[in-house]
Number of protein chains: 2
Amino acid sequence: MPRPKTRIQLRNSETILEAALEVFSSQGFRGATLDQIAEVAGLSKPNLLYYFPSKEAIHQTLLTRLLDTWLDPLREMDAKGDPVAEVMGYMRRKLQLSRNYPRESRLFAIEILQGAPRMREAIEGELTALVAEKAGVLRQWMDEGRIARLDPVHLVFSIWALTQHYADFDVQVRSVLGEGHDPYAEAGAFLETLYARLLAP
Amino acid sequence: MPRPKTRIQLRNSETILEAALEVFSSQGFRGATLDQIAEVAGLSKPNLLYYFPSKEAIHQTLLTRLLDTWLDPLREMDAKGDPVAEVMGYMRRKLQLSRNYPRESRLFAIEILQGAPRMREAIEGELTALVAEKAGVLRQWMDEGRIARLDPVHLVFSIWALTQHYADFDVQVRSVLGEGHDPYAEAGAFLETLYARLLAP
DNA sequence: ATGGGTTTTGACCGGGTGGTCAGATGTTGC
DNA sequence: GCAACATCTGACCACCCGGTCAAAACCCAT
């Protein structure tokens, strides 16, 4: 069970994780099989298990990597910037994440939906702490009258919900919109309007 | 494979569906096993299969029942009512659905997340048609200047996203909020404010 | 009580799944 | 070229899972 060192190890580990993301995000943990992942990766099943000790370990690696990417846009929200612009910027970055990494979004969603059995720790630690910190920043801005007074945590929830919806419920969104639409472009415009009105002091 | 007729058949069919909802909504279709469902239902596995021809059939029955419940709140939105009150009412009913039927919400979410393999038809038919109809009503209200001009379909998406979030991501919501919170009460207040500001002409 | 229909179950089956292993094949430094 | 090590694979295993079936247990009208 080598930690990536050589070129081959690095390349194959990445190939496997990429394939695993594809399969886990569309089938869930139990729905995915090592054979499927192996096929997508273009490797044999025993070869997967040469690079990762178990199916569980592959999944765990994906989740761990994911969390950082996922929280970055919120980390970037700057207490020293312009409040409305900062919240808007956060919303835009999160929507971009949904657009560019829909599989990651779905992987995350499936995990939380099922009670976060393999992520509880990270959620109760890192994620909760970061939201608490940024809620403080938002509350400060509200106290200063620079954005409308709202429950800051639910404001964050609203950004999560509204942006992730377009990745997680992609099938439904596209079906309802019909052809000839760019869901993310329209969502961007809609959310700009929404948060402009919501945040105005 | 009897269609419910006698008391026993009715009672056991319901027991099975209730248990299946519990298990499917927390494990997904492939993650769930008949043994788990049987255990929760307090029946033997072969006995389940006396009432339903297959695992698939149990799942299908749940989904079919679900869709109607799920669309009812939108159906009730009345073109002849007061626009802001009607949209607000829809949002409130949808939030109540999340509060009262979180398992159903998660069952639905998992299905869509995985590409709606067993629901595509219903989504492309019933659901899409209903949204199209109600989007027309919303557009009419906007033309009359009675609510703000917005993309009506994305307005509906926003209600779905913001209300279902509290059921689907329950674990995350509760972790971030910490103890001593009533997520749904707070969400209700937050969403009232949000839609009041968003919809005002 | 008894007989016919309904409900329930233990035992079993075949296919799929995660994981192992011995050995084959490739790669690299000398 | 070759030894030492890294990478890869076919064959295999034990377990799980959805589903079957024959027979047992139960229910109830007569």
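We name chains A, B, ... by the order of the sequence lines, and we start the count at 1 in each one. All values reported here derive from a predicted model rather than from experimental measurement.
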Does the salt bridge (Lys or Arg N to Asp or Glu O under 4.0 Å) test come out yes or no for A/D143 and A/R149, once each step is laid out? CA-CA 8 Å; A/D143 289 344; A/R149 180 161 299 284; 2.7 Å; yes
To the nearest angstrom, how far is [X] atom [atom1] from [N] atom [atom2]?
X     : N      : atom1 : atom2 : answer
B/R11 : C/dT7  : CZ    : P     : 10 Å
B/E39 : D/dG18 : CD    : P     : 14 Å
B/I58 : D/dC17 : CD1   : P     : 15 Å
A/K55 : C/dG18 : NZ    : P     : 4 Å
A/L48 : C/dC21 : CG    : P     : 17 Å
B/L43 : C/dT7  : CG    : P     : 12 Å

At less than 3.5 Å, do the side-chain atoms of A/K45 and the base atoms of C/dG18 form a donor-acceptor pair? yes
Using a heavy-atom distance cut-off of less than 4.0 Å, which residues of residues 16-37 of chain B contact DNA chain C? B/R30
Would you call [X] and [Y] a salt bridge, taking side-chain N to carboxylate O under 4.0 Å as the test?
X      : Y      : result
A/E14  : A/R65  : yes
A/D170 : A/R103 : no
B/E179 : B/R174 : no

So does B/N12 get a side-chain nitrogen or oxygen closer than 4.0 Å to the phosphate oxygens (OP1/OP2) of C/dT8? yes
Phosphate OP1/OP2 of D/dC8 contacted by A/Y51 side-chain N/O (<4.0 Å): yes
I want to verify a distance call: between [options], whose nearest atom is closest to the [X] side chain?
X     : options               : answer
B/Q9  : C/dG19, C/dT7, C/dT9  : C/dT7
A/S44 : C/dT8, D/dT9, D/dG19  : D/dT9
B/Y50 : C/dT20, C/dT8, D/dT20 : C/dT8
B/N47 : D/dT7, C/dT8, C/dT20  : C/dT8

What verdict does the salt bridge (Lys or Arg N to Asp or Glu O under 4.0 Å) test give for A/R139 and A/E144, after you've listed the backbone C-alpha separation in whole Å, the side-chain angles of each residue and the deciding distance to 0.1 Å? CA-CA 9 Å; A/R139 203 171 285 112; A/E144 296 168 2; over 6 Å; no
Regarding B/T128 and A/S175, is there a side-chain donor-to-acceptor distance under 3.5 Å anywhere? yes
State whether A/Y166 and A/R99 meet the cation-pi test: NZ (Lys) or CZ (Arg) under 6.0 Å from the six-membered ring centroid, and within 45° of the perpendicular axis. no
